[in-house]
Amino acid sequence: MWNRERNWEPLWSDVRMAAEEVEAELSGAVPTLIGQPRAHFLGAIVLERLPPAPGRILAMNVIDGQQRLTTLQVLLAACWAAAKTHAADNAEALLKLFLHNTEQLVHPNHPYERYKVWPSLPDRDAFKRIFISELPLFRADEHGLVTARRYFDDEVRAWLADCPKPVDRADALVIALRERLGFVEIQLEGQDDAQVIFETLNDRGTRLRASDLVKNTLFRLAEQQGQDVTTLHEEFWAPFEAPWWAEEVTTGRFKRARIDLLLSYWLSIQIGQEVPIERLFADFRRWQNSTNALAVDVLIDLAHHGRAMRHLEGLAGVDPTGQLLQVLDMLKTTTPVPILLHLRARDGVPREQREIAARAIESLIVRRFVCGLTTKDYNRLFLSVLQTIRQAEDVGVGELLRDQLARQTAESRYWPNDSDFIGGLLQDNLYRTLRGPRLRVLLAGLESQLRGDKSEQPFSPAQAANLSVEHLLPQEWAQHYPLPANLPEEQAKGSRAAALHQLGNLTLTTKKLNSSISNGPWAQKRAELNKYGVLLLNSATVLQPYETMPAEVAQRWSEGWTEEQIGMRTCILIKFALKNWPRPD
């Protein structure tokens with residue numbers, strides 16, 4: 001519902017101004033400009049003609065302008081009630097024509113057709129209440145439509161009373177409403193893209209989401225198919241009107257309402273193609289027209305996928321699917337989400353099959369970014385896999401997905417093997433190659449693998465989002481970390497530069513700990529990590545030797561931090577990376 005400051009007040013201001021101009025012209029205070037009355041423009045509305053039905057009033061589906069038309073009806077109801085209060089009989093009768101269709105034309109099985117405008121399901125009960133002349137006492141939880149009616153009541157009645165002849169002023173108000181207010185009306189043809197048009201033309205209105213258009217289409221279709229739309233709404237759509245579904249979440253570079261994302265994912269599952277939010281309604285209509293699906297079946301399936309999506313968002317980071325979702329969130333990508341939603345919505349899929357699928361997808365993504373491979377074909381890759389697994393038996397669907405990913409040979413889809421992955425992890429410039437979220441995802445996965453699945457405190461990717469990546473041998477090393485004395489200076493500098501950004505020199509710390517130890521001497525850094533660090537990345541591979549190290553190395557492991565320790569720790573972490581992100585042979 002529109003709000004007072006942004007919408008109700010400007011609307012009443014326009015109407016009042018137009019009425020006062022008419023009033024001045026009728027009184028002779030200003031000359032009437034014959035044929036050139038000033039028009040007050042209320043914006044654009046987009047309408048779609050509905051198929052005519054025998055004995056029914058011709059109807060239009062409002063694609064854009066629903067809030068505007070509904071609020072205008074509330075204002076007209078307030079004007080009608082005020083005219084009735086002041087015994088302005090002519091104005092009252094004309095205003096009633098603005099609100100209701102002729103009673104004899106209304107089909108007995110469709111009594112709502114008496115209203116000129118009929119809103120969406122959640123607003124209908126409140127909408128019917130605005131057509132009584134005197135509203136009941138105020139309630140704190142009353143609907144926004146009733147609150148708007150109270151506002152317009154106060155304004156219109158005060159305005160009519162503020163003149164010697166309220167009846168004449170009411171007549172001028174009716175003339176203004178009939179002749180001085182205007183919309184731009186756009187009627188869509190069959191080939192027109194309703195979503196593009198409504199996104200372009202929003203003016204003062206509350207911007208419709210793509211899901212609003214889908215919802216309106218579904219319930220209009222349900223009504224045409226003889227369904228009880230009120231029951232359908234309460235059972236299957238009302239849960240989507242909870243605030244959680246309207247919350248905007250970041251996907252890539254944009255923020256989208258969850259309900260729009262759900263519909264986009266769901267439709268991608270149906271058609272096997274990416275469905276951008278910008279094309280959601282057009283693609284939905286095209287799919288619906290091609291399948292002739294019953295509205296009730298679509299609503300049931302959407303509600304089921306909605307419950308699946310809420311389940312996915314509630315998964316902990318220690319669950320393989322929850323862990324993958326956290327990784328995707330850190331990487332700002334959603335391309336595999338339709339697969340995860342589809343697997344969750346299939347009630348017969350065993351848990352271990354969902355876990356196999358999630359681990360395979362995460363492994364492919366991590367191995368590819370470590371190896372510096374592109375993400376540009378992920379949409380088509382995951383959608384093609386999705387279409388394959390839709391036809392698979394529940395009991396082997398995760399294994400099928402994993403094996404199909406492993407069979408990809410195109411460079412843009414290839415799942416790097418162990419040799420490739422090791423090569424990527426061994427690169428000297430890993431810190432600068434990955435940086436940011438990718439590096440945190442990598443280090444978080446290593447921490448999780450170090451802890452194992454029996455740990456009392458498992459580690460998830462989201463926990464790494466607020467940690468800093470720290471160089472154990474600092475980037476500003478000259479003051480406290482002398483070069484090896486057994487090498488020529490240039491060779492030693494080259495070796496130091498090569499080791500500085502290697503995997504074995506990188507860890508995670510809190511931001512405060514990072515700033516306190518960043519460029520300090522090793523003895524201080526080791527003491528601070530020992531005092532405040534809780535990650536096994538530090539305690540198990542930095543502060544103490546790893547269990548498989550030779551005794552002579554273990555004895556002097558933490559005495560200093562040099563190229564030797566960096567190289568050995570790189571090899572240790574690679575071992576855990578291969579275990580955490582496996583790939584089938």
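Using modelled atom types and a 3.5 Å distance limit, the side chains of Arg56 and His110 yield a donor-acceptor pair.
By the 4.5 Å heavy-atom criterion applied to side chains, Val385 and Ile361 are not counted as neighbours. At a threshold of 4.5 Å between non-hydrogen side-chain atoms, the residues Phe98 and Arg178 count as touching. Contact of the Gln73 side chain with the Leu76 side chain is registered, since non-hydrogen atoms from C-beta on lie closer than 4.5 Å. Contact check for Ile300 versus Val296: side-chain heavy atoms found under the 4.5 Å cut-off. Residues Leu75 and Thr71 fail the side-chain proximity criterion, which asks for heavy atoms closer than 4.5 Å. Side chains of Leu95 and Leu177 form a contact here, defined as non-hydrogen atoms less than 4.5 Å apart. A heavy-atom distance below 4.5 Å is not found between the side chains of Trp237 and Leu232. A heavy-atom distance below 4.5 Å is not found between the side chains of Val117 and Leu99.
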Derivation of the salt bridge (Lys or Arg N to Asp or Glu O under 4.0 Å) call for Arg157 and Glu134: CA-CA 12 Å; Arg157 293 183 189 206; Glu134 294 293 335; 3.2 Å; yes

Lys215 vs Leu302, test: side chain to side chain contact (heavy atoms under 4.5 Å, CB included). Steps then yes/no. CA-CA 11 Å; Lys215 179 189 77 171; Leu302 279 174; over 6 Å; no

Take Asp123 and Trp118 through the test side chain to side chain contact (heavy atoms under 4.5 Å, CB included) and record every step on the way to the result. CA-CA 9 Å; Asp123 300 328; Trp118 190 232; over 6 Å; no

Give the intermediate values and the outcome of side chain to side chain donor-acceptor pair (under 3.5 Å) for residues Ser211 and Asp260. CA-CA 5 Å; Ser211 53; Asp260 285 351; 2.8 Å; yes

Would you please test Arg346 and His342 for side chain to side chain donor-acceptor pair (under 3.5 Å) and show each step? CA-CA 6 Å; Arg346 285 173 61 172; His342 170 70; 3.1 Å; yes

After noting the C-alpha distance and the side-chain angles of Val62 and Arg68, does the key distance pass the side chain to side chain contact (heavy atoms under 4.5 Å, CB included) rule? CA-CA 10 Å; Val62 182; Arg68 188 177 296 112; over 6 Å; no

Run Leu381 and Leu405 through side chain to side chain contact (heavy atoms under 4.5 Å, CB included) and show every step you take. CA-CA 9 Å; Leu381 168 61; Leu405 289 178; 4.1 Å; yes

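Note that the CD1 atom of Ile277 and the OG atom of Ser264 stand 4.0 Å from one another [nearest 0.5 Å]. Note: Met309 CE to Leu341 CG = 7.5 Å, rounded to the nearest 0.5 Å. Between the OG atom of Ser384 and the CZ atom of Arg413 there is a distance of 4.5 Å, given to the nearest 0.5 Å. Rounding to the nearest 0.5 angstrom, the gap separating the CG atom in Asp228 from the CD atom in Glu234 is 8.0 Å. Considering CH2 of Trp245 and CG of Leu261, their distance stands at 9.0 Å, rounded to 0.5 Å. The structure places CZ of Arg209 at 11.5 Å from CG of Leu280, a figure rounded to the nearest 0.5 Å.
Summarising the geometry of Ala91 relative to Ala83, their closest heavy-atom pair is CB-CB, 4.2 Å, with the distance given to 0.1 Å. Considering all non-hydrogen atoms of both residues, Glu355 and Pro320 come closest at CG-CG, 3.6 Å. Of all heavy-atom pairs between Met330 and Pro437, the closest is O-CB, 3.3 Å. In terms of heavy-atom proximity, Leu135 sits nearest to Val146 at CD1-O, 4.1 Å. Residues Ile130 and Leu145 share a closest heavy-atom pair of CG2-O, 3.9 Å. The minimum heavy-atom distance linking His143 with Ala126 is given by the pair CG-CB, 3.3 Å.
Counting heavy atoms of neighbouring residues, nucleotides and ligands inside a 6.0 Å radius, atom CZ of Arg390 exceeds 12 of them. Annotation: Arg220, atom CZ; neighbour count of heavy atoms from other residues, nucleotides and ligands within 6.0 Å is above 12.
With hydrogens and angles disregarded, a donor-acceptor distance shorter than 3.5 Å links the side chain of Gln353 to the backbone of Gly398. Judged purely by atom type and a 3.5 angstrom limit, Arg4 has no side-chain atom pairing as donor or acceptor with the backbone of Tyr151. Here the side chain of Ser268 pairs a donor or acceptor atom with the backbone of Gln273 at under 3.5 angstrom. The backbone N or O of Leu315 sits nowhere less than 3.5 Å from a side-chain atom of Asp319 that would complete a donor-acceptor pair. Listed for the His311 side chain is no donor-acceptor partner under 3.5 Å among the backbone atoms of Arg307. Proximity of a side-chain donor or acceptor of Glu23 to a complementary backbone N or O of Ala172 within less than 3.5 Å is not detected. Put simply, the side chain of Asn216 gets close to the backbone of Asp212: a donor and an acceptor are under 3.5 Å apart.
For Trp287 and Trp266, the ring centers are positioned less than 6.0 Å apart.
Note on Glu142 versus Arg150: salt bridge recorded, some NZ/NE/NH1/NH2 to OD/OE distance being below 4.0 Å. No salt bridge links Arg256 with Glu248; every basic N to acidic carboxylate O contact stays at or beyond 4.0 Å. A salt bridge is defined here as a Lys NZ or Arg NE, NH1 or NH2 lying under 4.0 Å from an Asp or Glu carboxylate O, and Asp153 with Arg149 meets this definition.
A cation-pi arrangement is not found for Arg16 relative to Trp159, the charged atom failing to lie both closer than 6.0 Å to the ring centre and inside a 45° cone about the ring normal.
Using a 30° and 60° split on the angle between ring planes, Trp8 and Phe152 fall in the tilted class, from 30° to 60°. Relative ring orientation between His233 and Phe219 is described as tilted, the plane-to-plane angle lying within the 30° to 60° band. Between Tyr115 and Phe131, the ring planes lie tilted relative to each other; the angle falls in the 30° to 60° range.
Within the structure, side chain to side chain donor-acceptor pair (under 3.5 Å) contacts touching residues 89-109 (residues at least two apart or in different chains) are Asn101-Lys116.
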